[in-house]
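Right, one structure below, let's go through it.
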Amino acid sequence: MTHFLSSQSPIGIFDSGVGGTTVLRKLTQMLPNERILYLGDTARLPYGDKTPAQILQYSTAILNWMASQGVKMVLMACNTSSALAYPHLVSSKPSFDFPVLDIIRPFAESLSADKKTMGVFATAGTVKSDMHKKIIQAHNPDIEVLAVSCPEWVPIIENGHIEQTDTLFHVKKYVEPILEQGADALVYGCTHYPLLEKILREAIPEYLSHIELIDPADHIVNKAIQYLTEHDLLNHDSMRSGYTRFYVTGESQPFAHNMQKLWGYTPEVAHVDLPVTQMGILS
Ligand code: DGL
C-alpha cells in the first residue's frame, strides 16, 4: 500500500496493552500538536509469553492497520515486538512506506562506555531473544548485560494491582539480585515497567544514589523527533492542537478504567478487530 506522507498525518504507536502509554506520555509532551493513534493489542496480551512467530504476526497485522489509517510513522512502544518482530519487518520486501522505529536500538546507540554492568528487566520472550545484549554490545562491547524476566510485572500493571502490598515483594525479588551482581544502571526493557518506578525506588533505597534508571522511551521519542524534523514531517499547526485516539483489540472498558488509575483520565477507547486469521506476513 503506497500513501503520501504528510506532516498532517497521524503518528501511530502500539503495545500489547497500557505499557506503551509510558512512551506516549513523553511523545505528547514533546510534540503537543501531533495527531496520535495509540493501539493496545489487548486481545493478545501479554506478548511476553508468545512465540517469535506470533509476535511477528501480531506486529505485522498492527502495522497493516496503521498503514490503512494513513500514518506518517509508527513507534513500536513494545520491547517484545522490537526484539522479536522488528528485525524481520525491516528486512521484509516489500516493506512499509512509512518509517517504523523500534524501542531498543535508539537507546543502545545512545549509551556511553562509562556504564559497566547493565541490568535489563524485560519479558520472557525479550530475554530469551538476547536482543538487548546483542544490540548494546554491538555499539559498546565493554558493557556487560544482565537481563532478567519479571513475569508477574505486566499482569500486576494490566490488572490494576500496583498498589497491592505484595507488589513490593515481586519487584524486590528481581531487582536486588541484579544489583548484588554489580549493575550500575537499570534499564526498563519493557514499556510497562516504568509504571512500577515508585515501588522500584521503595525496594532499593540504599542503591538509588549510585545507580542510573534508564527509560528507553526518551530515546525512541528523540529519534522520532529527529526523523520528522529532517524529513519536514512535523505538524506545524497551531500549538497544542494535537490529540490521541485510543484503540484496543480487546474490550474498551477495562483499558479506559486502567488509564484512569494510571494517568488520572478516562479516554474514549474504540475497539478494533485484528483477528489472527486475517493476519499474514507481508507478501
Ligand atoms: N510492554 C511490552 C514490552 O515492552 C509487552 C509486555 C507484554 O505484553 O508482555 O515488551
Side-chain angles (χ1 to χ4, degrees), residues 12-27 38-63 74-87 89 100-108 119-136 145 147-162 170-171 174 186-197 200 213-221 246-251 254-255 258-259 262-263 274 276:
I13 172 167
F14 78 88
D15 179 41
S16 59
V18 289
T21 61
T22 59
V23 181
L24 173 70
R25 190 185 55 149
K26 297 192 179 197
L27 188 67
Y38 183 95
L39 181 88
D41 191 12
T42 53
R44 285 168 277 274
L45 179 92
Y47 274 14
D49 61 7
K50 304 296 187 297
T51 65
Q54 285 174 307
I55 298 300
L56 179 57
Q57 207 178 24
Y58 305 163
S59 304
T60 305
I62 292 169
L63 289 172
V74 171
L75 277 67
M76 282 189 165
C78 175
N79 288 262
T80 312
S81 294
S82 299
L84 302 178
Y86 181 82
L89 287 166
V100 179
L101 304 186
D102 82 306
I103 192 160
I104 303 175
R105 285 153 193 84
F107 128 80
V120 179
F121 304 105
T123 66
T126 303
V127 170
K128 202 167 168 204
S129 76
D130 215 18
M131 207 48 96
H132 279 90
K133 187 172 181 175
K134 285 178 197 155
I135 300 172
I136 290 170
V145 179
V148 63
S149 65
C150 315
E152 294 92 344
W153 291 10
V154 166
I156 285 172
I157 295 159
E158 288 289 338
N159 296 329
H161 295 164
I162 295 176
H170 288 301
V171 170
Y174 295 110
L186 299 180
V187 182
Y188 296 117
C190 168
T191 52
H192 280 75
Y193 297 171
L195 294 164
L196 292 173
E197 178 154 345
L200 193 136
L213 283 179
I214 300 177
D215 187 352
D218 295 314
H219 304 282
I220 188 176
V221 169
F246 290 90
Y247 300 86
V248 290
T249 55
E251 282 177 52
F255 185 92
N258 214 7
M259 285 295 288
L262 295 168
W263 298 112
L274 295 178
V276 176

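For ligands, and for the atoms within them, numbers begin at 1 and follow the listed sequence. Numbering of residues begins at 1 and proceeds along the displayed sequence.
- Looking at residues two or more places apart in sequence or on another chain, you find a salt bridge (charged side-chain N to carboxylate O under 4.0 Å, His left out) between Lys26 and Asp215, Asp218.
- A donor-acceptor contact shorter than 3.5 Å links the side chain of Thr42 to the backbone of Gly250.
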Apply ring pair (Phe, Tyr, Trp, His ring centres under 6.0 Å) to the pair Phe121 and Tyr193, showing each step before the final yes or no.
-> CA-CA 8 Å; Phe121 304 105; Tyr193 297 171; 7.2 Å; no

Find all protein N or O atoms under 3.5 angstrom from an N or O atom of ligand 1 and list the pairs with distances, or write 'none'.
unit_1   : atom_1 : unit_2 : atom_2 : d
ligand 1 : 1 (N)  : Asp15  : OD1    : 2.9
ligand 1 : 1 (N)  : Asp15  : OD2    : 3.4
ligand 1 : 1 (N)  : Thr191 : OG1    : 2.9
ligand 1 : 1 (N)  : His192 : ND1    : 2.8
ligand 1 : 4 (O)  : Asn79  : N      : 2.8
ligand 1 : 4 (O)  : Asn79  : ND2    : 3.2
ligand 1 : 4 (O)  : Thr191 : N      : 2.9
ligand 1 : 4 (O)  : Thr191 : OG1    : 3.4
ligand 1 : 8 (O)  : Ser16  : OG     : 2.6
ligand 1 : 8 (O)  : Tyr47  : N      : 2.7
ligand 1 : 9 (O)  : Tyr47  : N      : 3.2
ligand 1 : 9 (O)  : Gly48  : N      : 2.8
ligand 1 : 10 (O) : Asn79  : N      : 3.4
ligand 1 : 10 (O) : Thr80  : N      : 3.1
ligand 1 : 10 (O) : Thr80  : OG1    : 2.6

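- Listed by chain and residue number, nothing satisfies the ring-ring contact (aromatic ring centres under 6.0 Å, His included) test with Phe14 (two or more places apart in sequence, or in another chain).
- With Trp263 as the partner, the side-chain contact (heavy atoms from CB on, under 4.5 Å) test is satisfied by one option alone out of Asn258, Thr21, Leu24: Thr21.
- Residues passing the side-chain hydrogen bond (donor to acceptor under 3.5 Å, both in side chains) test with Ser16: none are found, sequence neighbours excluded.
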